[in-house]
Amino acid sequence: MPKFYVTTSIPYVNARPHIGHALEFAQADVIARYRKLEGYETYLVTGTDENSLKNVLAAEKLGLDTGSFCERNSAAFRELVDKIGLSYDAFVRTSVDAGHGKVAEFLWKSCSDRGDIYKKKYRGLYCVGCELFYTEDELDNGLCPEHRSKPELVEEENYFFRLSRYQERLAKLLESGEMVITPASRLSEILNFINSGLSDFSISRSVKRSHGWGVPVPGDTSQIMYVWFDALGSYLTGAGFISNSGKFERLWPADMHVIGKGIVRFHAVYWPAMLLSAGIALPKSLFIHGYVTVGGQKMSKSIGNVVDPVLELDKYGADQLRYYLIKEISTFQDGDFSEKALGEVINNELVGNIGNFVNRTLTFIHSRLGGVIEEPRLEEGRLLVLRINGMVDDAKKLMDLGHLNLALLKVLEISSAGNKYFQENEPWKLLKEDDEAAREVLFVCANICRTLGILLNPFMPYASERLLGYLGEKPSGFDGAKKLVKKFEIGSTEILFDKVK
RNA sequence: AGCGAGGUAGGGUAGCCUGGAGUGCCCGCCGGGCUCAUAACCCGGAGAUCGGAGGUUCAAAUCCUUCCCUCGCUACCA
């Protein structure tokens, strides 16, 4: 059985999850569930990035110790992934997972042994209030944007990674497709960046500046690892690196990292360079999504338009929110979220189109045909079946290309075709004159319901399970959705989606 | 400033790579039909100089040039 190891990025826990995190979880999960249906042994890793100075500062503000602050906020992310139905196999918490520090340490040592880590004096503009370094661009008239104070020029020794050494190899492996970047537009972006020249980057902070929070640099008690070796290493930790070599052998390299557009550089440049240095195989692909705007604006605390996905999940349901995020937001571009649009999509597409087709088909068979439908002689229905099968092929192709939104649109098209067929053939009338003809219509519709149940499985796993359960069927690969099942026994059923008032 | 992404009917989106009648989808609007179904569904219709201007071509939303507008990133944002 081929394997498919996919990761989400691990979010910082210095704030609560927002709807954008939900988008990434939904996308990663749809991909994982699809691969699983297609026969892959899938493994999905998510988690939280907790070893950052921001967390220390945020905790201090709230008068908490950093550990409990991380605990609390990590729990909020775990609540989100659980409620949205993310089918994760491991949830890595970088500040508490016993094996994680060892992974980061091993990665560091491997790069160090290769001669890619060195100590250098670092000079920067440091704001004492923020306890952060700023670049000149980030300053407002030379002042800290937060504290309106003049930052001091601070000099400190840090460890650096020799990224410059990997410029050519990185360009080559991205150009050759050894590491695939989807969508391709991001590839040119990254190649431009690489070809404009790579500088070595800082990979540690003094214990003092990091408040002692994080993974210590091996062999130097005065330094703490900065985010890179720590957070990116979580992809190795989740796969059992060091802690479970059998599992790691099986899972690594990662087949896909699902990430947002803001962290492409770190995943397409820093990360592969670190792995090249450490002699570890590279991930096979990056899947890069856009961001969610709310009411047409970027989410921000100052605007006060940050959407809490857990509230939406509680109010509307996991399938519903997943459907909205996948279909309404273009997979590789930015898209907008609004509760109004969510309600409209639920009523018009889930209730009105898919739910209605399933419901009218199943209740008709149950109440008018005694709940049993068997394969009749197929006349015109055969043509529709062929057309639907073509759409299944289309959906599969779109899934393989990563166009999740278009694939879901295709599924909706199948449901529409079913509704249209039902309406045009008027089985409620046929039943009075030609029982056999009515049965043909319902037989085809029941099979379309099964097709929908399978195709919807990655997107809306809960509704899919219920629908397939009504039909006495199980999820399968997309090709299996083209099969005609000869006989269905339909009992009493309930509606799949509730209308939003 | 550099790099990137977008600009397709009132709104949203697909199509663009691999040119072939503005082709499709969702919402909204207008009209009709139907009644199996969560008063839903089905059909029909109005509505677009495919951001502007050039160019290549028998043919351009699609390729090229240029300009305008919006957004993102520019070294720890999902």
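The sequence lines fix the lettering, A, B, ..., with proteins before strands; numbering per chain opens at 1.
A cation-pi arrangement is present between Arg265(A) and Phe193(A), with the terminal nitrogen or guanidinium carbon under 6.0 Å from the aromatic centre and inside a 45° cone about the axis.
The two residues Leu53(A) and His211(A) have their closest heavy-atom pair at CD1-CD2, 3.7 Å. Of all heavy-atom pairs between Phe364(A) and Phe422(A), the closest is CD1-CZ, 4.1 Å.
Between Thr361(A) and C36(B) there is no side-chain N or O to OP1 or OP2 distance below 4.0 Å. Regarding contacts with the backbone of A40(B), a side-chain N or O of Lys499(A) is found under 4.0 angstrom from either OP1 or OP2. Considering only side-chain N and O atoms, Gln423(A) lies nowhere under 4.0 angstrom from the phosphate OP1 or OP2 of A40(B). Close to C36(B), at under 4.0 Å from its OP1 or OP2, lies no side-chain N or O of Lys429(A).
Only the P atoms considered, U23(B) is 13 Å distant from C50(B), to the nearest whole Å. Atom C1' of G47(B) sits at a distance of 11 Å from the matching atom of C30(B), rounded to the whole Å. Between the C1' atoms of G7(B) and A61(B), the separation comes to 12 Å (whole Å). The C1' atoms of A5(B) and G51(B) are separated by 15 Å, rounded to the nearest whole Å. Rounded to a whole angstrom, the distance from the P atom of C43(B) to that of U56(B) is 44 Å.
Stacking between Phe364(A) and C36(B) is absent: the aromatic ring centre is not both under 5.5 angstrom from the base six-membered ring centre and within 30 degrees in plane angle.
Under the 3.5 Å distance criterion, with hydrogens and angles disregarded, no donor-acceptor pair is assigned to the side chains of Asp29(A) and Tyr88(A).
Remark: C1' of G12(B) and CG of Leu409(A) are 12 Å apart, rounded to the nearest angstrom.
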